[in-house]
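For reference, the structure is listed below as structure tokens.
Letters A, B, ... are given to chains in the order of the sequence lines, protein chains preceding strands, and every chain is numbered from 1. Both backbone and side-chain heavy atoms feed into the values below; hydrogens, waters and symmetry mates do not.
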Amino acid sequence: MTTKVNYSNQLLNIETGQQIEKSQLTIFDRQGKINKRVINIVNTSIDELLKNIEQGGESYHIYFPQEIEKELPEPLMKQISKEITANEVRVLTAIVILAQFAKSKGELYYWDKINRAYFEVDLPSVYKVMGIGETRGKQRELVKKAFFSLNDKKFLIVEDDNLTISKLVEIHKIDKKNPNLFKITVEGLFFNFDKSKNYQNRYFHIPSDINKQIRKVTIGRPNAGVELFIKCLYQAKHCSKDGKVEYSYSKVYKLMKLENLVKNRNTGRIKDTIQKAFDIAKKLDLISNVEMGETNLREKKYILTFTP
DNA sequence: GTGGAACTAATATTCTCCCC
DNA sequence: GGGGAGAATATTAGTTCCAC
């Protein structure tokens with residue numbers, strides 16, 4: 001029996017780097033340049049980080065959406081930014097699930113003023129929701145590493161008309177008696193506490209053992225893009241009225257971050273990667289069929305039929 | 001420069017062996 | 001016998017390098 005967990009649309013948009021295009025914010029002005037407000041916050045955050053690095057202060061990475069990444073020089077990107085790894089994607093999912101468990105037990109505390117929620121996680125429960133409860137040391141080390149690297153990442157958050165750059169998950173304290181127990185806070189958007197907004201359209205459902213299921217049907221080193229795409233499919237299923245979803249090739253390309261394959265001279269793997277994502281979705285019993293088609297603009301598209 | 005092969009790194013799973 | 005640590009192996013992701 002798998003329970004269902006609410007997953008915030010906004011969070012998934014940040015993970016896939018779509019937070020800007022999915023917001024009301026116009027990022028480009030009439031000349032096609034990035035708008036000043038966005039530039040300002042990006043530059044300020046970069047300056048702050050560079051200053052930190054120079055002075056040996058807190059070091060972290062900033063994960064920018066693709067539109068902004070493209071505008072920044074590559075050497076700078078290498079210094080300040082880092083791609084999200086598959087294990088980080090999995091740990092983030094695990095934290096969403098654990099946060100909701102904590103919330104239902106009344107062990108989660110929300111602070112309105114900073115729009116963050118506090119709760120405690122212990123690593124064994126992280127392992128459990130990641131489906132590695134029975135396995136040994138090495139994988140646990142990787143999970144721990146991914147957990148700490150999430151704590152080292154800042155994300156661009158667009159909330160209505162507000163832009164901030166902050167940590168989605170922040171570790172504040174490690175329990176003195178139990179080194180596996182962490183006191184953490186997460187961004188309010190994990191839950192969208194603001195009830196005044198359109199509440200219904202802010203979530204989709206994922207199974208609480210999603211990581212375990214994905215592990216069961218995949219082999220080899222995990223691929224972050226593919227796993228993000230699987231979450232997108234759960235979201236699309238939730239929104240779909242006719243039991244289908246259509247993705248243009250460029251949409252799939254973006255969601256799976258296939259740009260990285262091109263950058264790394266692995267263009268030949270694009271087809272296999274897309275196929276892999278569809279295969280996993282089929283094995284998860286999420287979709288039952290994939291058809292090819294053409295968009296109005298004569299672009300290749302995929303028509304996916306969800307399993308009822 | 002670009003395409004692609006070949007190499008290296010990361011991750012997962014299976015095997016082996018030792019200790020209780 | 002079995003449980004677990006760690007080695008060996010399989011698979012895939014990411015990097016480098018070379019020919020054109």
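Ring centroids of A/Phe148 and A/Phe182 are separated by less than 6.0 Å, placing the two rings close together. The ring of A/Tyr247 has its center closer than 6.0 angstrom to the ring center of A/Phe229.
What separates CD1 of A/Ile84 from C1' of C/dG14 is a distance of 17 Å, to the nearest Å. Rounded to whole angstrom, the span from the CZ atom of A/Arg269 across to the C1' atom of B/dA5 amounts to 10 Å. A straight line from NZ of A/Lys212 to P of B/dT13 spans 13 Å, rounded to a whole angstrom. B/dT11 atom P lies 5 Å from atom CZ of A/Arg221, rounded to whole Å. Rounded to whole Å, the distance from CD1 on A/Ile219 to C1' on C/dT9 is 13 Å. Between the OH atom of A/Tyr127 and the P atom of B/dA12 there is a distance of 13 Å, rounded to whole Å. The separation between A/Asn266 atom CG and C/dA13 atom C1' is 8 Å, rounded to whole Å. The interatomic distance linking A/Glu88 (CD) with C/dA13 (P) rounds to 17 Å, in whole Å.
A sub-4.0 Å separation between OP1 or OP2 of B/dA12 and a side-chain N or O of A/Arg90 is present. One finds a side-chain N or O of A/Asn264 lying less than 4.0 angstrom from the OP1 or OP2 phosphate oxygen of C/dT15.
Remark: of the listed residues A/Ile157, A/Ile95, A/Val96, A/Asn151, A/Ile157 is the sole one forming a side chain to side chain contact (heavy atoms under 4.5 Å, CB included) with A/Leu168.
For A/Glu294 and A/Lys301, the salt-bridge test fails: no basic side-chain N is under 4.0 Å from an acidic carboxylate O.
Taking the side chain of A/Arg215 as heavy atoms from C-beta on, and the options C/dT12, B/dA12, C/dT15, the nearest nucleotide is B/dA12. Looking at the side chain of A/Arg265, the nearest of the listed nucleotides B/dA6, B/dG3, B/dT11 is B/dG3. Residue A/Asn87 has its side chain nearest to B/dT11 when only C/dT12, C/dA13, B/dT11 are considered.
Comparing A/Lys263 and A/Lys276 against DNA chain C, the residue whose closest nucleotide sits nearer the 5' end is A/Lys276.
Considering only residues two or more places apart in sequence or on other chains, A/Arg215 meets the side chain to side chain contact (heavy atoms under 4.5 Å, CB included) condition with A/Asn87, A/Arg90, A/Met130, A/Ile132, A/Gln139.
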